[in-house]
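Accompanying notes for the structure given below.
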There are 2 protein chains.
Amino acid sequence: MGAIRNQIREMRAQREITQQELADRVGVTRQTVIAIEQDKYSPSLETAFKVAMVLGVPLEQCFQYDPRGKR
Amino acid sequence: MGAIRNQIREMRAQREITQQELADRVGVTRQTVIAIEQDKYSPSLETAFKVAMVLGVPLEQCFQYDPRGKR
DNA sequence: CTCCAATGTCAAAAATATTTGACATCAGTG
DNA sequence: CACTGATGTCAAATATTTTTGACATTGGAG
């Protein structure tokens, strides 16, 4: 469901990291990165933590929960 | 798998909330609460956000990621 | 002691996330 | 133009999370 937003794409751009690179560093597939960037579903907490860690920011800086949002 | 810790049980105790109550307010099953409290698996980001919200704290205050932890 | 609420366990089914693989598009480069 | 890297899409298989339901244990209250 889509009540979570994220700034991964933007952050990735700023850092000039490719989807593939991020995926590799996080330890998931490029498909997963794509799905997350496009809010296709909400990732596991562990994956989210890893992404934030690779991007070097606290989790809440790349993922936000808005109860009242579809997308 | 289990690289994530949480203080849900403690926070629940402080607030004198029951597993069932937390589950209801979060919108999941008691089983899910139990599983999370016991680190049986890492919940979805959405569930984690809701739990934090119900407990009235930022996500990172009830869930911590420690890359080097089995549990 | 009896009863009840809260917690825990087990296992199977259902739902959701993640992987794998194949292929399409688009922009830039030689 | 031909080629390549980055992104996107689709679908099926696999893995993980969540639900459902049934039952055990413990501690407190009446």
Side-chain angles (χ1 to χ4, degrees), chain A residues 1-57 59-71, chain B residues 1-57 59-71:
Chain A
M1 296 119 187
I4 294 181
R5 301 234 177 92
N6 71 76
Q7 279 64 53
I8 296 180
R9 175 171 271 280
E10 294 81 331
M11 303 187 130
R12 202 163 51 68
Q14 295 176 333
R15 280 143 240 240
E16 302 192 59
I17 289 176
T18 189
Q19 289 179 335
Q20 187 64 63
E21 268 179 78
L22 179 58
D24 291 345
R25 292 214 230 159
V26 169
V28 297
T29 313
R30 188 167 69 90
Q31 281 300 337
T32 300
V33 170
I34 292 176
I36 296 176
E37 285 192 356
Q38 296 178 180
D39 287 329
K40 292 231 177 113
Y41 51 62
S42 100
S44 72
L45 183 54
E46 186 163 8
T47 299
F49 264 124
K50 286 186 194 160
V51 169
M53 172 168 281
V54 169
L55 293 178
V57 300
L59 191 152
E60 303 190 336
Q61 196 171 321
C62 31
F63 295 97
Q64 301 87 33
Y65 179 57
D66 62 341
R68 189 166 302 286
K70 283 196 126 45
R71 124 114 306 213
Chain B
M1 293 134 183
I4 294 180
R5 301 237 176 91
N6 71 76
Q7 278 64 53
I8 297 181
R9 175 170 270 281
E10 293 83 330
M11 303 187 131
R12 201 164 51 70
Q14 295 176 332
R15 280 143 239 240
E16 303 193 59
I17 289 176
T18 190
Q19 290 180 334
Q20 187 64 63
E21 267 179 79
L22 179 57
D24 290 345
R25 292 215 230 159
V26 170
V28 297
T29 315
R30 189 168 68 89
Q31 281 300 337
T32 299
V33 170
I34 293 177
I36 295 175
E37 284 192 355
Q38 297 178 180
D39 287 329
K40 293 228 177 118
Y41 50 63
S42 101
S44 73
L45 184 55
E46 186 162 9
T47 299
F49 264 125
K50 285 186 194 160
V51 168
M53 171 169 281
V54 169
L55 293 177
V57 300
L59 190 151
E60 303 191 337
Q61 196 171 321
C62 31
F63 295 98
Q64 301 86 32
Y65 179 57
D66 61 342
R68 189 163 304 284
K70 283 190 129 46
R71 139 115 296 235

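Proteins get letters first, then strands, A, B, ... in listed order; numbering begins at 1 in each.
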Apply ring pair (Phe, Tyr, Trp, His ring centres under 6.0 Å) to A:F49 and list each qualifying residue two or more places apart in sequence or on a separate chain.
B:Y65

Can you measure B:K50 atom NZ to D:dT17 atom P for me and round it to whole angstrom units?
17 Å

Applying side-chain hydrogen bond (donor to acceptor under 3.5 Å, both in side chains), can you list everything that pairs with B:S44, at least two apart in sequence or on another chain?
B:T47

Measure from CG on B:D24 to P on D:dT19 and round the result to the nearest Å.
11 Å

Rounded to the Å, how far apart are B:E46 CD and C:dA15 C1'?
13 Å

For nucleotides 7-13 of chain D, tabulate all protein N/O to nucleotide N/O atom pairs closer than 3.5 Å, reporting atom names and distance.
residue, atom, partner, partner atom, Å
D:dT7, OP1, A:R12, NH1, 3.0
D:dT7, OP2, A:T18, OG1, 2.7
D:dT7, OP2, A:Q19, N, 3.0
D:dT7, O3', A:R9, NH2, 3.2
D:dG8, OP1, A:R9, NH2, 2.4
D:dG8, OP2, A:R9, NH2, 2.7
D:dG8, OP2, A:Q19, NE2, 2.6
D:dG8, N7, A:R30, NH1, 3.2
D:dG8, N7, A:R30, NH2, 3.4
D:dG8, O6, A:R30, NH2, 2.9
D:dT9, OP2, A:Q38, OE1, 3.3
D:dT9, OP2, A:Q38, NE2, 3.3
D:dT9, O4, A:Q31, NE2, 2.7
D:dC10, N4, A:Q31, NE2, 3.0

Each nucleotide in nucleotides 25-30 of chain D should get exactly one letter: B, S or -. Can you fill that in based on protein heavy atoms under 4.0 Å?
------

How is B:S44 classified with respect to the nucleic acid when contacts are heavy atoms under 4.0 Å: base, sugar-phosphate, or nothing?
sugar-phosphate

Nearest-angstrom distance from the residue atom CG of B:L45 to P of D:dT18
11 Å

Scan nucleotides 3-5 of chain D against the protein and return all N/O pairs shorter than 3.5 Å with their distances rounded to 0.1 Å.
none

Under the side-chain hydrogen bond (donor to acceptor under 3.5 Å, both in side chains) rule, collect the residues that match up with A:Q7, sequence neighbours excluded.
A:Q64

Going by the rule side chain to side chain contact (heavy atoms under 4.5 Å, CB included), which residues pair with B:R15 if we only count those two or more places apart in sequence or in a different chain?
B:M11, B:I17, B:L55, B:V57

Who pairs with B:E60 by side-chain hydrogen bond (donor to acceptor under 3.5 Å, both in side chains), at least two apart in sequence or on another chain?
none

Compute the angle between the rotation axes at the two ends of the helix from C:dC1-D:dG30 to C:dG30-D:dC1, each taken over five pairs, rounded to 10 degrees.
30°

Any salt bridge (charged side-chain N to carboxylate O under 4.0 Å, His left out) pairs touching residues 16-35 of chain B, not counting sequence neighbours?
none

Evaluate B:V51 against B:N6 for side-chain contact (heavy atoms from CB on, under 4.5 Å), listing each step before the verdict.
CA-CA 11 Å; B:V51 168; B:N6 71 76; over 6 Å; no

